[in-house]
Q: 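After the structure tokens below, expect a handful of questions from me.
Not measured: the values here are computed from a predicted model.
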Amino acid sequence: MQSYKKVKKRRIYNQSRSCSTCGDIECFERPRFFAGQLLTDKDLEAAQRYVIEKNKLHNRHLVGTGVVCGLAVRCDPCCDGSVVVEPGYAIDCCGNDIVLCEPETFHLLDCLEEQQREVDCCDRKIRTPKVPRDQIREYCLILSYFEEPTHPTTALIRDNGCSNTRCEPARIRESFRFSLIEKPIDRSPPKLIPDDSFLGQVSECFRVLREFQAAIKTGRTVEENYPSSSVPVSTGAFAPVFYQIRKLVLEIYKREPEIRCTLPEKVAEIEAQFQSGNDDDQQRAALLMLALASQLLLDCFCNALLVPCPDCDEEVGVELACITLRGDKIEKICNTVRKQLITGPSLQYWMQPLFSGIQQLIELLCCELDIVKLVDDNLPRRPEPIG
């Protein structure tokens, strides 16, 4: 299913988030304490922030983004317009830990009704038309990280020798928020291999390979590939293929990561050899250009192995489920749209029969198998003497 982040939608219900710009690689600085140092709230905050941001960095780039466990969305048995989210744990793209310690009820229809409140428009009261009973609407339930200041405590502040008192929150509770995002009506079918994935990058390399094969097979005319009249053009049996490959080499050099820093100079050197030489030199130059193209193809596959840093939209939380409403009742909940993180416990859950079979086999071989007794029991025995 195509991610909701790639399609423009209207956020139906959302509350403020505490996550600032995130997702980027950042350099860290931690405070250093020494005897006799005057500590302020900024120093203590910096020490705490260092640990928090380091943990978020590890979550983003070592664990990933998505649902770790739990957080299944179920129908509320007590109310047709609500859903119940089971306890669980998720990580958003900022690296924040989102934990639900107990089941939470989300009143979906109440949130939608907030959009139908009366508003002033040119001194007239208007109301959004009520949803028809048979109209089908689809929304995605999003879980977002939220920080809430708690435990107000009296702070003592001295101002010009006079004591003043005020309350400041002494704790920050890590909490969460639910929001709804409209599911687009016109949704293109999902790609089996996303363009930004490893297999997507590899498929792009194969596309380039097919371009080179077509250039070698069909070689266009020199004039099509070398329209500039100021550049001397050489003719010959190898010219159409040579200039077609040259054109593709320079095009790939422009759109691929530049790791061959002297490639344009190398292309110019091979081209000069092609234009000034005889048939043997032209054949050698054509083979060198083909070898350069092969080198770029190899670089393409090698660059596909490099893992890019993931993008992060701080306004988007973790998608839990998509909900279908018919009129004012919830008709269906789809939980499989979520991104499930691959962890040790999740693999153990999915592959429990395989793990159990391997464990039983190891137990049989290492704990119960007695090779000496097995051999001894199967060796022929001398018959006992009679009498």
Q: Mind checking whether Cys94 and Tyr145 have side chains closer than 4.5 Å, heavy atoms only?
A: no
Q: Taking salt bridge (charged side-chain N to carboxylate O under 4.0 Å, His left out) as the definition, give me every residue that meets it alongside Glu53, ordered by chain and number, with sequence neighbours left out.
A: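 Partners of Glu53 by the salt bridge (charged side-chain N to carboxylate O under 4.0 Å, His left out) criterion, ordered by chain and then number, come out as Arg49, Lys56.
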Q: Counting C-beta onward and ignoring hydrogens, is there a side-chain heavy-atom pair between Ile181 and Leu141 closer than 4.5 Å?
A: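 No. Closest side-chain heavy atoms not under 4.5 Å.
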Q: Between Leu71 and Tyr139, is there shared hydrophobic-cluster membership here, with clusters defined by ILVMFWY side-chain heavy atoms closer than 4.5 Å?
A: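 As far as the 4.5 Å side-chain criterion goes, Tyr139 and Leu71 are connected within one cluster.
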Q: More than 12 non-hydrogen atoms from neighbouring residues, nucleotides or ligands closer than 6.0 Å to CD on Gln37, yes or no?
A: yes
Q: Just wondering, do Asp76 and Ile330 contact through their side chains at under 4.5 Å, heavy atoms?
A: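 Ile330 vs Asp76: side chains apart.
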Q: Might you work through the side chain to side chain contact (heavy atoms under 4.5 Å, CB included) test for Ile91 and Asn96, ending with a clear yes or no?
A: CA-CA 6 Å; Ile91 300 176; Asn96 294 303; over 6 Å; no
Q: In Å and rounded to the nearest 0.5 Å, what is the CG to CD distance from Leu298 to Gln295?
A: 5.5 Å
Q: Tell me, do Phe176 and Val99 make a side-chain contact under 4.5 Å, heavy atoms counted?
A: no
Q: Kindly check if the number of other-residue, nucleotide or ligand heavy atoms within 6.0 Å of NE2 (His58) is above 12?
A: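 Yes, the 6.0 Å shell around NE2 holds more than 12 heavy atoms from other groups.
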Q: By side chain to side chain donor-acceptor pair (under 3.5 Å), which residues pair with Thr105, not counting sequence neighbours?
A: none
Q: How close do Cys261 and Tyr253 get, heavy atom to heavy atom, and via which atoms?
A: O-OH, 4.0 Å
Q: Tell me whether the count of non-hydrogen atoms from other residues, nucleotides or ligands lying under 6.0 Å of CG in Leu365 goes above 12.
A: yes
Q: Quiz question: by atom type and distance under 3.5 Å, do the side chains of Lys247 and Tyr243 form a donor-acceptor pair?
A: no
Q: When you measure from the side chain of Asn335 to the backbone of Val73, do you find a donor-acceptor pair of N or O atoms at a distance under 3.5 Å?
A: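 Checked: pair present.
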Q: If you take all heavy atoms of Val202 and Ala304, which pair is closest and at what distance?
A: CG2-CB, 4.1 Å
Q: Might you work through the side chain to side chain contact (heavy atoms under 4.5 Å, CB included) test for Thr65 and Arg60, ending with a clear yes or no?
A: CA-CA 7 Å; Thr65 299; Arg60 288 197 304 269; 5.7 Å; no
Q: Do we see a donor-acceptor contact under 3.5 Å between the side chains of Gln48 and Tyr50?
A: no
Q: Output all residues satisfying salt bridge (charged side-chain N to carboxylate O under 4.0 Å, His left out) with Arg30, sequence neighbours left out; order by chain, then residue number.
A: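 None.
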Q: Taking Leu287 as the starting point, is it possible to reach Met289 by hopping between hydrophobic residues whose side chains are less than 4.5 Å apart?
A: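 Unlinked, Met289 and Leu287 end up in two clusters.
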Q: Determine whether Val318 and Ile142 satisfy the following criterion, side chain to side chain contact (heavy atoms under 4.5 Å, CB included), listing intermediate values before the conclusion.
A: CA-CA 5 Å; Val318 179; Ile142 309 299; 5.9 Å; no
Q: Is the backbone of Val63 close enough, under 3.5 Å, to the side chain of Asn59 for a donor and an acceptor to pair up by distance?
A: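 Looks like no, no N/O pair under 3.5 Å.
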Q: So do Arg338 and Glu319 actually touch side chain to side chain, heavy atoms under 4.5 Å?
A: no
Q: I would like to know whether Phe178 and Phe106 meet ring-ring contact (aromatic ring centres under 6.0 Å, His included); could you show each step before the answer?
A: CA-CA 7 Å; Phe178 291 119; Phe106 177 65; 5.5 Å; yes
Q: Which pairs with one or both residues in residues 283-309 pass ring-ring contact (aromatic ring centres under 6.0 Å, His included), sequence neighbours excluded?
A: Phe206-Phe301
Q: In this structure, would Ile362 and Leu347 fall into the same cluster of hydrophobic residues linked by side-chain contacts under 4.5 Å?
A: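 In one cluster: yes.
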Q: Partners of Arg32 by salt bridge (charged side-chain N to carboxylate O under 4.0 Å, His left out), sequence neighbours excluded?
A: none
Q: With Pro149, which residues qualify under side chain to side chain contact (heavy atoms under 4.5 Å, CB included), at least two apart?
A: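 Pro149 satisfies side chain to side chain contact (heavy atoms under 4.5 Å, CB included) with Pro169 only.
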Q: Taking salt bridge (charged side-chain N to carboxylate O under 4.0 Å, His left out) as the test, write out the residues that go with Lys373, two or more places apart.
A: Asp377
Q: Treating Ile, Leu, Val, Met, Phe, Trp and Tyr as nodes and any side-chain heavy-atom pair under 4.5 angstrom as an edge, say whether Leu290 and Leu288 lie in one connected cluster.
A: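 Leu290 clusters together with Leu288.
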Q: Could you tell me whether a side-chain N or O of Glu168 sits under 3.5 Å from a main-chain N or O of Thr153, the two making a donor and an acceptor?
A: no
Q: Could you list the residues that satisfy side chain to side chain contact (heavy atoms under 4.5 Å, CB included) with Thr40, not counting sequence neighbours?
A: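 Once residues adjacent in sequence are excluded, the partners of Thr40 under the side chain to side chain contact (heavy atoms under 4.5 Å, CB included) criterion are Lys42, Asp43.
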Q: Is there a side-chain contact between Pro345 and Tyr349, using heavy atoms and a 4.5 Å cut-off?
A: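 Side-chain contact under 4.5 Å: no.
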Q: According to side chain to side chain donor-acceptor pair (under 3.5 Å), who are the partners of Ser356, at least two apart in sequence or on a separate chain?
A: Gln352
Q: Considering only heavy atoms from C-beta outward, does the side chain of Leu296 approach that of Val249 to under 4.5 Å?
A: yes
Q: Quick one: does any side-chain atom of Gln340 pair with a main-chain N or O of Val68 as donor and acceptor, under 3.5 Å?
A: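 A pair under 3.5 Å: yes.
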Q: When you look at CZ of Phe355, are more than 12 heavy atoms from neighbouring residues, nucleotides or ligands closer to it than 6.0 Å?
A: yes
Q: Would you list the atom pairs, donor with acceptor, under 3.5 Å between side chains in residues 82-90 and any protein atom, with sequence neighbours excluded?
A:
from, atom 1, to, atom 2, distance (Å)
Ser82, OG, His107, ND1, 2.9
Glu86, OE2, Arg74, NE, 3.3
Tyr89, OH, Asp97, OD1, 2.6

Q: According to side chain to side chain contact (heavy atoms under 4.5 Å, CB included), who are the partners of Leu374, at least two apart in sequence or on a separate chain?
A: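 If we apply the side chain to side chain contact (heavy atoms under 4.5 Å, CB included) test to Leu374, skipping adjacent residues, the hits are Leu369, Asn378.
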Q: Can you establish whether the number of heavy atoms outside Glu29 located under 6.0 Å from its atom CD is more than 12?
A: no
Q: For atom CD of Glu45, is the number of surrounding heavy atoms from other residues, nucleotides or ligands below 6.0 Å larger than 12?
A: no
Q: Does the side chain of Asn303 come within less than 4.5 Å of Cys300's, by heavy atoms?
A: no
Q: Please enumerate all residues that pass side chain to side chain contact (heavy atoms under 4.5 Å, CB included) together with Thr150, with sequence neighbours excluded.
A: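 Once residues adjacent in sequence are excluded, the partners of Thr150 under the side chain to side chain contact (heavy atoms under 4.5 Å, CB included) criterion are Glu148, Arg171, Arg173.
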